[in-house]
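Inspection log for the structure reproduced underneath, given as C-alpha coordinates.
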Protein chains: 2
Amino acid sequence: MPKVGMEPVRRKALVDAALRVIGDQGTLAVTMSDIARRAGVSPALAHHYFGSKEQLLIETVRSLLRQLRDDTVTALNVAPTPREKLSALIRVSFQASQFAPDTVAAWLAFYSEAQRSEDVRRFLVVYARRLRSNLVANLKALCSVDDAERIAEGAAAMIDGLYIRQSLRSAPIGIEASIALTEDYVTSHLDQLHRQGRAK
Amino acid sequence: MPKVGMEPVRRKALVDAALRVIGDQGTLAVTMSDIARRAGVSPALAHHYFGSKEQLLIETVRSLLRQLRDDTVTALNVAPTPREKLSALIRVSFQASQFAPDTVAAWLAFYSEAQRSEDVRRFLVVYARRLRSNLVANLKALCSVDDAERIAEGAAAMIDGLYIRQSLRSAPIGIEASIALTEDYVTSHLDQLHRQGRAK
DNA sequence: TATTTTTGATTGACTCATCAATCAATAAAA
DNA sequence: TTTTATTGATTGATGAGTCAATCAAAAATA
(Lines give C-alpha, C1' and ligand atoms only; values in the text may rest on other atoms or scores of the structure.)
Protein backbone atom coordinates (compact mmCIF):
# COMPACT_ATOMS: atom_id res chain seq x y z
CA MET A 1 0.00 0.00 0.00
CA PRO A 2 2.38 2.69 1.14
CA LYS A 3 3.53 4.71 -1.80
CA VAL A 4 5.61 7.84 -1.74
CA GLY A 5 4.06 11.20 -2.51
CA MET A 6 0.73 10.45 -0.87
CA GLU A 7 0.67 13.59 1.25
CA PRO A 8 -1.11 15.95 -1.18
CA VAL A 9 -3.52 13.18 -2.19
CA ARG A 10 -4.44 12.42 1.41
CA ARG A 11 -4.72 16.07 2.39
CA LYS A 12 -7.17 16.74 -0.40
CA ALA A 13 -9.15 13.57 0.29
CA LEU A 14 -9.41 14.49 3.97
CA VAL A 15 -10.47 18.07 3.31
CA ASP A 16 -13.10 16.91 0.83
CA ALA A 17 -14.32 14.27 3.23
CA ALA A 18 -14.51 16.84 6.02
CA LEU A 19 -16.69 19.09 3.91
CA ARG A 20 -19.02 16.25 3.01
CA VAL A 21 -19.33 15.00 6.58
CA ILE A 22 -19.89 18.51 7.91
CA GLY A 23 -22.55 19.13 5.27
CA ASP A 24 -24.21 15.82 6.06
CA GLN A 25 -24.37 16.36 9.77
CA GLY A 26 -24.79 20.10 9.61
CA THR A 27 -22.23 20.75 12.30
CA LEU A 28 -18.53 21.08 12.91
CA ALA A 29 -18.95 18.71 15.84
CA VAL A 30 -17.97 15.79 13.67
CA THR A 31 -15.32 13.33 14.76
CA MET A 32 -11.96 12.79 13.19
CA SER A 33 -13.04 9.17 12.84
CA ASP A 34 -16.06 10.15 10.73
CA ILE A 35 -13.91 12.24 8.46
CA ALA A 36 -11.13 9.69 8.21
CA ARG A 37 -13.59 6.88 7.50
CA ARG A 38 -15.18 8.90 4.71
CA ALA A 39 -11.74 9.52 3.27
CA GLY A 40 -10.92 5.85 3.58
CA VAL A 41 -8.00 6.18 5.99
CA SER A 42 -7.42 5.77 9.69
CA PRO A 43 -8.04 8.59 12.17
CA ALA A 44 -4.38 8.47 13.11
CA LEU A 45 -3.41 9.43 9.58
CA ALA A 46 -5.61 12.49 9.67
CA HIS A 47 -3.79 13.60 12.79
CA HIS A 48 -0.49 12.81 11.18
CA TYR A 49 -1.11 15.17 8.28
CA PHE A 50 -3.07 17.95 9.98
CA GLY A 51 -1.80 17.87 13.52
CA SER A 52 -5.19 18.64 15.00
CA LYS A 53 -8.85 18.67 14.22
CA GLU A 54 -8.90 22.45 14.42
CA GLN A 55 -6.28 22.66 11.71
CA LEU A 56 -8.14 20.28 9.41
CA LEU A 57 -11.28 22.35 9.87
CA ILE A 58 -9.45 25.52 9.02
CA GLU A 59 -8.06 24.00 5.85
CA THR A 60 -11.60 22.98 5.01
CA VAL A 61 -13.03 26.51 5.21
CA ARG A 62 -10.06 27.74 3.28
CA SER A 63 -10.79 25.25 0.54
CA LEU A 64 -14.49 26.16 0.37
CA LEU A 65 -13.59 29.81 0.05
CA ARG A 66 -10.94 29.20 -2.57
CA GLN A 67 -13.46 27.34 -4.70
CA LEU A 68 -15.90 30.21 -4.45
CA ARG A 69 -13.23 32.75 -5.25
CA ASP A 70 -12.10 30.86 -8.34
CA ASP A 71 -15.66 30.58 -9.61
CA THR A 72 -16.12 34.29 -9.01
CA VAL A 73 -13.00 35.28 -10.89
CA THR A 74 -14.02 33.14 -13.85
CA ALA A 75 -17.54 34.52 -13.92
CA LEU A 76 -16.30 38.10 -13.70
CA ASN A 77 -13.89 37.58 -16.57
CA VAL A 78 -16.65 36.33 -18.84
CA ALA A 79 -19.00 39.23 -18.11
CA PRO A 80 -18.12 42.29 -20.23
CA THR A 81 -20.00 45.20 -18.64
CA PRO A 82 -20.32 46.31 -15.02
CA ARG A 83 -24.02 45.55 -15.05
CA GLU A 84 -23.37 42.07 -16.35
CA LYS A 85 -20.61 41.58 -13.81
CA LEU A 86 -23.15 42.35 -11.10
CA SER A 87 -25.42 39.65 -12.48
CA ALA A 88 -22.48 37.28 -12.62
CA LEU A 89 -21.71 37.89 -8.95
CA ILE A 90 -25.29 37.11 -8.03
CA ARG A 91 -25.38 34.01 -10.20
CA VAL A 92 -22.18 32.61 -8.73
CA SER A 93 -23.52 32.98 -5.21
CA PHE A 94 -26.49 30.81 -6.01
CA GLN A 95 -24.90 28.39 -8.42
CA ALA A 96 -25.91 24.81 -7.83
CA SER A 97 -22.73 23.69 -6.09
CA GLN A 98 -22.92 26.49 -3.55
CA PHE A 99 -26.63 26.33 -2.97
CA ALA A 100 -26.86 22.57 -2.44
CA PRO A 101 -28.31 21.69 0.98
CA ASP A 102 -25.08 20.12 2.18
CA THR A 103 -22.98 23.11 1.21
CA VAL A 104 -25.43 25.52 2.77
CA ALA A 105 -25.37 23.47 5.96
CA ALA A 106 -21.59 23.60 5.96
CA TRP A 107 -21.55 27.37 5.54
CA LEU A 108 -23.94 27.73 8.42
CA ALA A 109 -21.77 25.53 10.60
CA PHE A 110 -18.74 27.67 9.80
CA TYR A 111 -20.59 30.87 10.63
CA SER A 112 -21.47 29.39 13.96
CA GLU A 113 -17.90 28.26 14.54
CA ALA A 114 -16.67 31.78 13.74
CA GLN A 115 -18.07 32.80 17.12
CA ARG A 116 -15.31 30.70 18.72
CA SER A 117 -12.47 30.37 16.29
CA GLU A 118 -10.70 33.56 15.37
CA ASP A 119 -9.16 31.81 12.37
CA VAL A 120 -12.49 30.69 10.93
CA ARG A 121 -13.94 34.11 11.61
CA ARG A 122 -11.14 35.76 9.67
CA PHE A 123 -11.84 33.63 6.62
CA LEU A 124 -15.53 34.46 6.65
CA VAL A 125 -14.78 38.15 7.04
CA VAL A 126 -12.60 37.90 3.96
CA TYR A 127 -15.49 36.35 2.05
CA ALA A 128 -17.90 39.06 3.19
CA ARG A 129 -15.47 41.80 2.27
CA ARG A 130 -14.72 40.31 -1.11
CA LEU A 131 -18.36 40.02 -2.08
CA ARG A 132 -18.99 43.54 -0.88
CA SER A 133 -16.04 45.06 -2.66
CA ASN A 134 -16.81 43.24 -5.92
CA LEU A 135 -20.34 44.59 -5.78
CA VAL A 136 -19.22 48.11 -4.93
CA ALA A 137 -16.59 48.16 -7.66
CA ASN A 138 -19.12 47.42 -10.36
CA LEU A 139 -21.90 49.52 -8.90
CA LYS A 140 -19.56 52.50 -8.83
CA ALA A 141 -19.59 52.45 -12.61
CA LEU A 142 -23.34 53.00 -12.46
CA CYS A 143 -23.89 55.36 -9.55
CA SER A 144 -22.21 57.35 -6.81
CA VAL A 145 -19.91 55.69 -4.30
CA ASP A 146 -22.37 56.30 -1.47
CA ASP A 147 -25.23 54.74 -3.35
CA ALA A 148 -22.99 51.89 -4.47
CA GLU A 149 -22.08 51.07 -0.90
CA ARG A 150 -25.66 51.15 0.23
CA ILE A 151 -26.90 48.91 -2.56
CA ALA A 152 -23.99 46.53 -2.12
CA GLU A 153 -24.75 46.19 1.57
CA GLY A 154 -28.37 45.38 0.81
CA ALA A 155 -27.60 42.92 -1.94
CA ALA A 156 -25.02 41.11 0.17
CA ALA A 157 -27.45 40.86 3.05
CA MET A 158 -30.13 39.51 0.76
CA ILE A 159 -27.81 36.84 -0.61
CA ASP A 160 -26.80 35.70 2.86
CA GLY A 161 -30.40 35.79 4.01
CA LEU A 162 -31.56 33.61 1.14
CA TYR A 163 -28.90 31.11 2.18
CA ILE A 164 -30.16 30.98 5.74
CA ARG A 165 -33.71 30.51 4.64
CA GLN A 166 -32.57 27.80 2.27
CA SER A 167 -31.04 25.99 5.22
CA LEU A 168 -34.42 25.60 6.88
CA ARG A 169 -35.86 23.88 3.81
CA SER A 170 -39.34 24.95 4.85
CA ALA A 171 -40.46 26.75 1.71
CA PRO A 172 -37.55 26.02 -0.59
CA ILE A 173 -37.03 29.16 -2.59
CA GLY A 174 -35.04 27.68 -5.42
CA ILE A 175 -32.06 28.90 -7.33
CA GLU A 176 -33.93 30.78 -10.03
CA ALA A 177 -36.23 32.60 -7.62
CA SER A 178 -33.28 33.56 -5.41
CA ILE A 179 -31.40 35.02 -8.35
CA ALA A 180 -34.52 36.85 -9.52
CA LEU A 181 -35.12 38.36 -6.10
CA THR A 182 -31.58 39.67 -5.79
CA GLU A 183 -31.46 40.89 -9.40
CA ASP A 184 -34.72 42.65 -8.79
CA TYR A 185 -33.30 44.40 -5.76
CA VAL A 186 -30.33 45.74 -7.68
CA THR A 187 -32.31 46.70 -10.78
CA SER A 188 -35.03 48.41 -8.85
CA HIS A 189 -32.59 50.53 -6.86
CA LEU A 190 -30.54 51.46 -9.90
CA ASP A 191 -33.72 52.45 -11.75
CA GLN A 192 -34.73 54.61 -8.85
CA LEU A 193 -31.43 56.46 -8.95
CA HIS A 194 -31.82 56.82 -12.69
CA ARG A 195 -35.14 58.54 -12.34
CA GLN A 196 -33.69 60.85 -9.73
CA GLY A 197 -30.89 61.73 -12.11
CA ARG A 198 -28.37 60.26 -9.66
CA ALA A 199 -27.19 57.46 -11.92
CA LYS A 200 -24.22 57.55 -14.18
CA MET B 1 -33.29 26.01 51.79
CA PRO B 2 -35.71 23.59 50.20
CA LYS B 3 -38.98 25.33 49.70
CA VAL B 4 -42.02 24.12 47.85
CA GLY B 5 -42.90 25.51 44.44
CA MET B 6 -39.39 25.95 43.18
CA GLU B 7 -39.99 24.13 39.91
CA PRO B 8 -41.18 27.08 37.79
CA VAL B 9 -38.49 29.30 39.30
CA ARG B 10 -35.73 26.82 38.51
CA ARG B 11 -37.03 26.07 35.03
CA LYS B 12 -37.01 29.73 34.14
CA ALA B 13 -33.61 30.31 35.70
CA LEU B 14 -32.17 27.39 33.76
CA VAL B 15 -33.68 28.46 30.45
CA ASP B 16 -32.40 32.00 30.94
CA ALA B 17 -28.99 30.71 31.91
CA ALA B 18 -28.92 28.44 28.87
CA LEU B 19 -29.62 31.36 26.56
CA ARG B 20 -26.88 33.43 28.15
CA VAL B 21 -24.31 30.66 28.06
CA ILE B 22 -25.17 29.79 24.46
CA GLY B 23 -24.91 33.45 23.47
CA ASP B 24 -21.60 33.76 25.28
CA GLN B 25 -20.03 30.74 23.71
CA GLY B 26 -21.82 31.04 20.40
CA THR B 27 -22.69 27.37 20.27
CA LEU B 28 -25.16 24.81 21.52
CA ALA B 29 -22.19 22.66 22.47
CA VAL B 30 -22.32 23.98 26.01
CA THR B 31 -22.33 21.63 28.97
CA MET B 32 -25.14 21.12 31.39
CA SER B 33 -22.60 22.05 34.05
CA ASP B 34 -22.02 25.44 32.46
CA ILE B 35 -25.72 26.14 32.33
CA ALA B 36 -26.39 24.86 35.82
CA ARG B 37 -23.50 26.85 37.26
CA ARG B 38 -24.80 30.03 35.63
CA ALA B 39 -28.22 29.31 37.09
CA GLY B 40 -26.66 28.68 40.48
CA VAL B 41 -27.76 25.06 40.83
CA SER B 42 -26.17 21.65 40.38
CA PRO B 43 -26.06 19.85 37.02
CA ALA B 44 -28.14 17.09 38.52
CA LEU B 45 -30.99 19.47 39.16
CA ALA B 46 -31.03 20.55 35.55
CA HIS B 47 -31.42 16.94 34.56
CA HIS B 48 -34.06 16.45 37.19
CA TYR B 49 -36.27 19.16 35.73
CA PHE B 50 -35.61 18.78 32.02
CA GLY B 51 -34.75 15.14 31.63
CA SER B 52 -32.12 15.79 29.01
CA LYS B 53 -29.97 18.47 27.53
CA GLU B 54 -31.90 18.28 24.28
CA GLN B 55 -35.12 19.06 26.10
CA LEU B 56 -33.62 22.06 27.91
CA LEU B 57 -32.35 23.37 24.60
CA ILE B 58 -35.77 23.01 23.01
CA GLU B 59 -37.38 24.91 25.85
CA THR B 60 -34.78 27.59 25.31
CA VAL B 61 -35.61 28.13 21.64
CA ARG B 62 -39.26 28.10 22.52
CA SER B 63 -38.67 30.84 25.04
CA LEU B 64 -36.68 32.98 22.62
CA LEU B 65 -39.44 32.69 20.04
CA ARG B 66 -42.19 33.45 22.51
CA GLN B 67 -40.39 36.64 23.49
CA LEU B 68 -40.15 37.71 19.88
CA ARG B 69 -43.77 36.86 19.20
CA ASP B 70 -44.97 38.89 22.17
CA ASP B 71 -42.92 41.88 21.10
CA THR B 72 -44.32 41.55 17.60
CA VAL B 73 -47.93 41.43 18.74
CA THR B 74 -47.44 44.51 20.87
CA ALA B 75 -45.75 46.43 18.08
CA LEU B 76 -48.47 45.51 15.59
CA ASN B 77 -51.20 46.62 17.95
CA VAL B 78 -49.66 50.06 18.35
CA ALA B 79 -49.23 50.66 14.61
CA PRO B 80 -52.48 51.90 13.03
CA THR B 81 -52.02 51.53 9.26
CA PRO B 82 -50.69 48.62 7.17
CA ARG B 83 -47.69 50.67 6.10
CA GLU B 84 -46.89 51.49 9.70
CA LYS B 85 -47.36 47.87 10.69
CA LEU B 86 -44.74 46.94 8.11
CA SER B 87 -42.33 49.39 9.71
CA ALA B 88 -43.19 47.98 13.10
CA LEU B 89 -42.34 44.45 11.94
CA ILE B 90 -38.98 45.64 10.68
CA ARG B 91 -38.25 47.58 13.84
CA VAL B 92 -39.07 44.66 16.11
CA SER B 93 -36.69 42.40 14.20
CA PHE B 94 -33.81 44.73 14.87
CA GLN B 95 -34.73 45.96 18.31
CA ALA B 96 -31.81 46.10 20.68
CA SER B 97 -32.62 42.96 22.63
CA GLN B 98 -32.81 40.83 19.49
CA PHE B 99 -29.86 42.35 17.73
CA ALA B 100 -27.42 42.14 20.64
CA PRO B 101 -24.32 40.09 19.77
CA ASP B 102 -25.16 37.36 22.26
CA THR B 103 -28.69 36.96 20.99
CA VAL B 104 -27.55 36.92 17.40
CA ALA B 105 -24.99 34.27 18.25
CA ALA B 106 -27.69 32.21 19.91
CA TRP B 107 -29.97 32.46 16.87
CA LEU B 108 -27.15 31.32 14.65
CA ALA B 109 -26.45 28.37 16.90
CA PHE B 110 -30.09 27.36 16.76
CA TYR B 111 -30.17 27.57 12.99
CA SER B 112 -27.20 25.28 12.88
CA GLU B 113 -28.83 22.90 15.35
CA ALA B 114 -31.95 22.82 13.18
CA GLN B 115 -29.95 20.71 10.75
CA ARG B 116 -29.98 17.94 13.34
CA SER B 117 -32.95 18.45 15.63
CA GLU B 118 -36.33 18.18 13.98
CA ASP B 119 -37.86 19.90 17.01
CA VAL B 120 -35.60 22.92 16.82
CA ARG B 121 -36.12 23.09 13.08
CA ARG B 122 -39.88 23.14 13.53
CA PHE B 123 -39.66 26.14 15.84
CA LEU B 124 -37.51 28.09 13.41
CA VAL B 125 -39.85 27.27 10.56
CA VAL B 126 -42.69 28.68 12.63
CA TYR B 127 -40.71 31.88 13.11
CA ALA B 128 -39.96 32.16 9.40
CA ARG B 129 -43.57 31.56 8.46
CA ARG B 130 -44.88 34.02 11.00
CA LEU B 131 -42.62 36.81 9.82
CA ARG B 132 -43.53 36.07 6.22
CA SER B 133 -47.25 35.93 6.83
CA ASN B 134 -47.23 39.12 8.89
CA LEU B 135 -45.44 40.88 6.07
CA VAL B 136 -47.73 39.49 3.40
CA ALA B 137 -50.88 40.35 5.34
CA ASN B 138 -49.96 44.01 5.52
CA LEU B 139 -48.47 44.24 2.05
CA LYS B 140 -51.69 42.86 0.61
CA ALA B 141 -53.40 46.05 1.69
CA LEU B 142 -51.00 47.95 -0.55
CA CYS B 143 -50.53 45.74 -3.61
CA SER B 144 -51.51 42.49 -5.25
CA VAL B 145 -51.06 39.18 -3.49
CA ASP B 146 -48.34 38.11 -5.91
CA ASP B 147 -46.37 41.27 -5.41
CA ALA B 148 -46.93 41.07 -1.67
CA GLU B 149 -45.48 37.59 -1.53
CA ARG B 150 -42.47 38.56 -3.57
CA ILE B 151 -41.69 41.63 -1.51
CA ALA B 152 -42.25 39.75 1.72
CA GLU B 153 -39.80 37.07 0.64
CA GLY B 154 -37.19 39.67 -0.16
CA ALA B 155 -37.67 41.63 3.04
CA ALA B 156 -37.53 38.50 5.18
CA ALA B 157 -34.34 37.39 3.46
CA MET B 158 -32.81 40.81 3.98
CA ILE B 159 -33.63 40.77 7.68
CA ASP B 160 -32.11 37.32 8.17
CA GLY B 161 -29.09 38.31 6.11
CA LEU B 162 -28.44 41.38 8.18
CA TYR B 163 -28.46 39.14 11.24
CA ILE B 164 -25.84 36.84 9.77
CA ARG B 165 -23.62 39.71 8.82
CA GLN B 166 -24.05 41.14 12.28
CA SER B 167 -22.77 37.88 13.71
CA LEU B 168 -19.42 38.34 12.01
CA ARG B 169 -18.91 41.74 13.64
CA SER B 170 -16.58 42.72 10.82
CA ALA B 171 -18.21 45.91 9.61
CA PRO B 172 -20.94 46.30 12.24
CA ILE B 173 -23.93 47.61 10.37
CA GLY B 174 -25.84 48.94 13.33
CA ILE B 175 -29.49 48.90 14.24
CA GLU B 176 -30.44 52.12 12.52
CA ALA B 177 -28.68 51.31 9.26
CA SER B 178 -30.24 47.84 9.21
CA ILE B 179 -33.70 49.25 9.68
CA ALA B 180 -33.04 51.87 6.99
CA LEU B 181 -31.88 49.27 4.47
CA THR B 182 -34.92 47.09 4.97
CA GLU B 183 -37.33 50.04 4.99
CA ASP B 184 -35.71 51.25 1.83
CA TYR B 185 -36.25 47.89 0.18
CA VAL B 186 -39.95 47.88 0.97
CA THR B 187 -40.51 51.53 0.11
CA SER B 188 -38.64 51.34 -3.13
CA HIS B 189 -40.58 48.32 -4.35
CA LEU B 190 -43.93 49.74 -3.33
CA ASP B 191 -43.07 52.98 -5.11
CA GLN B 192 -42.19 51.05 -8.21
CA LEU B 193 -45.56 49.32 -8.21
CA HIS B 194 -47.21 52.66 -7.66
CA ARG B 195 -45.64 54.13 -10.76
CA GLN B 196 -46.66 51.10 -12.73
CA GLY B 197 -50.22 51.55 -11.52
CA ARG B 198 -50.08 48.17 -9.81
CA ALA B 199 -50.43 49.50 -6.28
CA LYS B 200 -53.63 49.77 -4.33
C1' DT C 1 -49.44 22.27 70.56
C1' DA C 2 -46.04 18.65 69.87
C1' DT C 3 -44.66 14.72 67.16
C1' DT C 4 -44.42 11.91 63.22
C1' DT C 5 -44.85 11.15 58.33
C1' DT C 6 -44.64 12.44 53.77
C1' DT C 7 -42.92 14.84 49.91
C1' DG C 8 -40.38 18.04 46.99
C1' DA C 9 -35.75 19.99 46.35
C1' DT C 10 -31.16 19.21 45.95
C1' DT C 11 -26.62 17.38 45.38
C1' DG C 12 -22.11 14.54 45.44
C1' DA C 13 -20.38 10.68 43.68
C1' DC C 14 -20.42 7.50 40.15
C1' DT C 15 -20.90 5.14 35.53
C1' DC C 16 -20.50 4.89 30.86
C1' DA C 17 -19.53 6.46 26.38
C1' DT C 18 -17.11 9.30 23.25
C1' DC C 19 -13.28 11.39 21.20
C1' DA C 20 -8.89 13.92 20.34
C1' DA C 21 -4.41 12.92 20.47
C1' DT C 22 -0.19 9.92 20.94
C1' DC C 23 2.95 6.30 19.99
C1' DA C 24 5.16 2.24 18.97
C1' DA C 25 5.15 -1.05 15.44
C1' DT C 26 4.80 -2.54 10.53
C1' DA C 27 5.22 -2.37 5.63
C1' DA C 28 6.72 -0.69 1.42
C1' DA C 29 9.42 2.11 -1.38
C1' DA C 30 13.93 4.44 -2.37
C1' DT D 1 19.30 0.96 5.27
C1' DT D 2 16.81 4.99 5.59
C1' DT D 3 12.67 7.29 4.83
C1' DT D 4 7.74 7.69 4.16
C1' DA D 5 3.10 5.92 4.84
C1' DT D 6 0.06 3.81 7.71
C1' DT D 7 -2.43 1.83 11.51
C1' DG D 8 -3.96 -0.62 15.98
C1' DA D 9 -3.84 0.06 20.53
C1' DT D 10 -3.92 3.11 24.19
C1' DT D 11 -4.55 7.14 27.05
C1' DG D 12 -6.53 11.05 29.26
C1' DA D 13 -10.13 14.24 29.34
C1' DT D 14 -14.68 15.49 29.12
C1' DG D 15 -19.44 15.35 29.64
C1' DA D 16 -24.28 13.31 29.78
C1' DG D 17 -27.06 10.98 32.56
C1' DT D 18 -28.14 8.13 37.03
C1' DC D 19 -28.81 7.25 41.80
C1' DA D 20 -28.93 6.95 46.51
C1' DA D 21 -28.84 9.91 50.23
C1' DT D 22 -29.89 14.35 52.65
C1' DC D 23 -32.51 18.19 54.11
C1' DA D 24 -36.27 20.98 55.25
C1' DA D 25 -40.94 22.34 54.62
C1' DA D 26 -45.64 20.88 54.88
C1' DA D 27 -49.22 17.82 56.21
C1' DA D 28 -51.13 14.55 59.13
C1' DT D 29 -51.73 12.75 63.54
C1' DA D 30 -51.85 12.46 68.41
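Every chain is numbered from 1 and lettered A, B, ... according to where its sequence line falls, protein lines coming before strand lines.
In this structure, the CD1 atom of A/Ile35 is 12 Å from the P atom of C/dC19, given to the nearest Å. B/Arg11 has its CZ atom 15 Å from the P atom of C/dG8, to the nearest Å. For B/Glu54 and D/dG15, the CD to P distance is 18 Å, given to the nearest whole Å. At whole-Å resolution of the value, CG in B/Leu56 and P in D/dG17 are 10 Å apart. For B/Phe50 and D/dT18, the CZ to P distance is 16 Å, given to the nearest whole Å. The CG-P distance, from A/Asp34 to C/dC19, rounds to 7 Å in whole Å.
Taking every heavy atom of both residues into account, B/Leu135 and B/Ala156 meet most closely at CD1-N, 4.1 Å.
Between A/Arg10 and D/dT6 there is a side-chain polar atom (N or O) within less than 4.0 angstrom of OP1 or OP2.
With C/dT11, D/dT6, D/dT7 as the candidates, the nucleotide lying closest to the side chain of A/His48 is D/dT6. The side chain of B/Met32 sits closest to D/dA16 out of C/dA21, D/dT18, D/dA16. Closest contact between the side chain of A/Thr31 and the listed nucleotides C/dA9, D/dT6, C/dC19 involves C/dC19. Taking the side chain of B/Ser52 as heavy atoms from C-beta on, and the options D/dG17, C/dT11, D/dT6, the nearest nucleotide is D/dG17. Comparing atom distances between the A/Leu45 side chain and each of D/dT6, D/dT18, C/dA20 picks out D/dT6 as nearest. Checked against D/dA5, D/dA16, C/dT11, the side chain of B/His47 finds its nearest nucleotide in D/dA16. Listed nucleotides D/dA5, C/dT11, D/dG8 differ in distance to A/Glu7; the shortest reach to its side chain belongs to D/dA5. In this structure, the nucleotide among D/dG15, D/dG17, C/dT11 sitting nearest to the side chain of B/Lys53 is D/dG17.
Nucleic acid contact class of B/Val9 (heavy atoms, under 4.0 Å, all strands): none. B/Ser42 comes within 4.0 angstrom of a nucleotide base, judged by non-hydrogen atoms across all strands. Residue contacts for A/Tyr49: at a heavy-atom cut-off of 4.0 Å it reaches the sugar-phosphate backbone alone, with no base atom in range.
Between B/Leu68 atom CG and B/Arg130 atom CZ the span is 6.5 Å, to the nearest 0.5 Å. Put simply, CG on A/Asn138 and CD1 on A/Ile151 are 12.5 Å apart, with the number rounded to the nearest 0.5 Å.
Position along DNA chain C of the nearest nucleotide to A/Val30 versus A/Ala44 favours A/Val30 as the more 5'-ward residue.
Side-chain contact, A/Thr187 with A/Arg83: a donor N or O sits under 3.5 Å from an acceptor N or O. Side-chain atoms of B/Ser87 and B/Glu84 include no donor-acceptor pair closer than 3.5 Å.
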